[in-house]
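The structure under discussion appears below in the form of structure tokens.
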Amino acid sequence: MTVLTRPIRRLLGLGAPTVTAVPTLPPESSPVPTTLDHESGSIALDIAETDPLLAYLQSAPGPVDLARLELDSPAVAALREAGVALVVPLVSQGELIGTLNLGPRLSEQEYSTDDRRLLTTLAAQAAPAIRVAQLVREQAHEAAERERMEQEMRVATLIQQQFLPRELPNLPQWQIAAYYGPARAVGGDFYDFIEMPGGRIGIAVGDVTDKGVPAALVMARTHSILRAEAGRSDSPGEILARANALLEPEMPARMFVTCLFAILEPKSGRIVMANAGHNLPYIRTDDGVVELRATGMPLGLMADIQYEETEGVIAPGSNVLLYSDGLVEAHDPGQQMFGFPRLREAMTIDDAGSELLDRLLEDLHAFTGPDWEQEDDITLVTLRRASGVSEADAPTMTTGFSIPGEEGNERLAMDRVAAAVAELGISPARLERLKTAVSEATMNAIEYGSQGRADVPVDVEVEATPDAVIVRITDRALSGGVPDDAEKPDIDLKLAGAQKTRGWGLFLIKNMVDSMDVTGDGSSQTVTLTMARKEPTDG
């Protein structure tokens with residue numbers, strides 16, 4: 001006698017059925033054109049969902065004699081080839097869960113009426129027990145799968161937390177707050193603050209599609225790429241384009257990253273932003289709540305994507321909110337979404353940065369209710385510029401650019417600075433002095449910082465206040481920066497050969513502008529030139 005059982009997954013619609021035969025007395029001469037498990041002695045037969053044998057057995061009143069069965073069925077042919085003579089359906093709660101398969105009797109006589117009645121009774125008793133065993137096995141498998149997924153979520157959460165900033169930037173006149181709330185089904189949210197030349201701050205907020213460890217690993221990779229590229233460029237669009245080029249070849253199937261990257265100049269409030277398919281930030285101003293719009297494809301979807309940049313100024317007293325979709329897509333018990341209109345309305349209240357963040361979370365919890373099960377990660381970053389900045393101290397213009405660090409580009413920097421300040425009313429004599437100082441400082445940055453390498457840029461920032469023009473020239477300090485201990489030039493000593501021919505650069509710069517300051521941190525050096533916009537007499 002042989003026993004065939006079909007896995008319960010067939011009954012649940014999770015895959016094609018597999019019939020396993022366990023022969024006790026198989027005919028020695030019977031061919032077996034099926035897969036044989038030598039360890040258990042079982043035979044595996046695959047029966048298609050459309051095979052007519054399944055429907056026939058479902059409605060059969062008792063044992064089925066295969067020799068007399070006239071049915072165009074591949075499964076019938078396979079069973080006959082395996083030496084099966086009689087098939088007894090195992091039915092539980094109206095579902096066919098398997099069969100009892102018997103080969104020919106050793107006496108070579110046919111199965112009697114009593115034999116068939118006994119087999120029918122045996123099948124009626126065995127079917128419920130087999131169904132219970134199948135359910136127990138399925139539940140054990142599901143429990144193991146749940147444990148595996150929970151362990152994966154714990155690992156993913158740990159990876160995410162390791163890449164979140166441990167400290168927030170401490171900027172004068174700014175209040176910055178951030179919140180990251182992971183969901184059970186861990187996604188790939190992240191945020192970051194990156195120090196950039198000239199006192200600027202890079203701000204990144206992103207979300208990786210999918211869940212678990214794969215999403216967390218993609219998040220970690222994206223985080224590392226953005227940090228590396230922010231050290232090579234001051235253009236948010238270029239940073240995202242480069243990140244996309246690196247991520248696209250290695251992105252797993254059906255996965256991508258939405259990301260917003262902004263560069264903030266704290267002193268002026270100027271913000272430049274590029275967007276890779278992420279939620280648009282909200283800015284609360286005295287005139288209402290506005291969106292800072294920029295569009296672009298998510299990272300990792302397509303190669304050769306360019307990202308447009310949007311520029312704005314965060315005025316004193318304004319709030320900025322950057323966020324992930326876990327906030328707006330949260331649902332209340334009635335399955336209504338929190339939504340963008342509700343978030344926009346919440347932004348109309350004038351709060352400090354941390355107070356705005358706390359109030360948004362309170363509004364969310366009031367909306368979702370106490371029994372809410374969080375569906376997705378929630379990331380919030382808020383920035384508020386203090387309202388106490390006086391108009392006299394506030395810049396009237398700020399711009400910045402980078403030039404390749406190769407010889408001769410000091411003239412390019414000089415011309416661009418002159419163009420930026422052309423409408424500020426600086427006298428021609430003072431403008432020429434400023435241009436000379438910029439040229440000399442840029443030349444030093446190219447020589448000592450970039451060492452003449454075009455791939456190591458020099459950053460130039462121009463800021464104008466009501467009283468002065470401030471130019472900051474920042475290099476990468478590859479050789480330690482411009483020496484600040486040069487001896488004071490003396491023309492007689494130089495002509496006599498008692499003093500090096502070099503050393504005139506810093507001396508000239510200091511005498512061309514009203515003040516010069518040099519700062520550095522070992523990885524970059526900034527020369528700050530300040531020239532008053534007006535002077536009673538130009539010496």
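Note that these values count all heavy atoms, side chains included, but never hydrogens, waters or copies made by symmetry.
Contact annotation: the side chain of Val417 never approaches that of Lys435 to less than 4.5 Å [non-hydrogen atoms, C-beta and beyond]. Put simply, the side chain of Phe193 reaches to within 4.5 Å of the side chain of Ile176, judged on heavy atoms. Residues Asp207 and Thr379 fail the side-chain proximity criterion, which asks for heavy atoms closer than 4.5 Å. In this structure the side chain of Thr295 reaches within 4.5 angstrom of the side chain of Glu308, judged on heavy atoms. Counting heavy atoms from C-beta outward, Thr442 and Asn409 have side chains that stay 4.5 Å or more apart. You'll find the side chain of Pro197 stays beyond 4.5 Å of the side chain of Asp234, heavy atoms only. Contact annotation: the side chain of Arg533 never approaches that of Asp467 to less than 4.5 Å [non-hydrogen atoms, C-beta and beyond]. Side-chain contact between Tyr307 and Asn244 is present, with at least one heavy-atom pair separated by less than 4.5 Å.
To the nearest 0.5 angstrom, Leu364 atom CG is 13.0 Å from Arg359 atom CZ. Rounded to the nearest 0.5 Å, atoms CE (Met443) and CD (Glu440) are 5.0 Å apart. Tyr448 OH to Asp475 CG: the interatomic distance, rounded to the nearest 0.5 Å, is 11.5 Å. For the atom pair Leu380 CG and Leu361 CG, the distance stands at 5.5 Å (nearest 0.5 Å). Rounded to the nearest 0.5 Å, atoms CE (Met273) and CG (Leu264) are 13.0 Å apart. Here the CG atom belonging to Leu240 is positioned 6.5 Å from the CG atom belonging to Leu226, to the nearest 0.5 angstrom.
Across Asp377, Thr222, Val205, a single residue satisfies side chain to side chain contact (heavy atoms under 4.5 Å, CB included) together with Phe190, and that is Thr222. Evaluated for a side chain to side chain donor-acceptor pair (under 3.5 Å) with Arg270, the options Glu461, Glu463, Glu311 yield exactly one hit, Glu311. For the side chain to side chain contact (heavy atoms under 4.5 Å, CB included) with Met347, the qualifying choice from Leu356, Thr382, Ile283 is Leu356, the only one to do so.
Here the closest non-hydrogen pair linking Thr310 and Leu292 is CG2-CD1, 3.7 Å.
Other residues, nucleotides and ligands place no more than 12 heavy atoms under 6.0 Å from the CD atom of Gln93. In the displayed structure, Arg148 atom CZ is contacted under 6.0 Å by more than 12 heavy atoms of other residues, nucleotides or ligands. Taking a 6.0 Å sphere around NE2 of His365, one finds it holds more than 12 heavy atoms contributed by other residues, nucleotides or ligands. The number of heavy-atom neighbours closer than 6.0 Å to CG of Asp455, taken from other residues, nucleotides and ligands shown, is above 12. Within 6.0 Å of CD in Glu291 there are more than 12 heavy atoms belonging to other residues, nucleotides or ligands.
No donor-acceptor pair closer than 3.5 Å links the side chain of Glu147 to the backbone N or O of Glu145. Of the possible polar contacts, one joining the His331 side chain to the Glu329 backbone as a donor-acceptor pair under 3.5 Å is found. Remark: the backbone N or O of Glu229 is not paired with any side-chain donor or acceptor of Arg242 at under 3.5 angstrom.
Under the side chain to side chain donor-acceptor pair (under 3.5 Å) criterion, no residue pair touches residues 336-347, with sequence neighbours excluded.
A salt bridge is absent between Arg131 and Glu95; no separation between the charged side-chain nitrogens and carboxylate oxygens falls under 4.0 Å.
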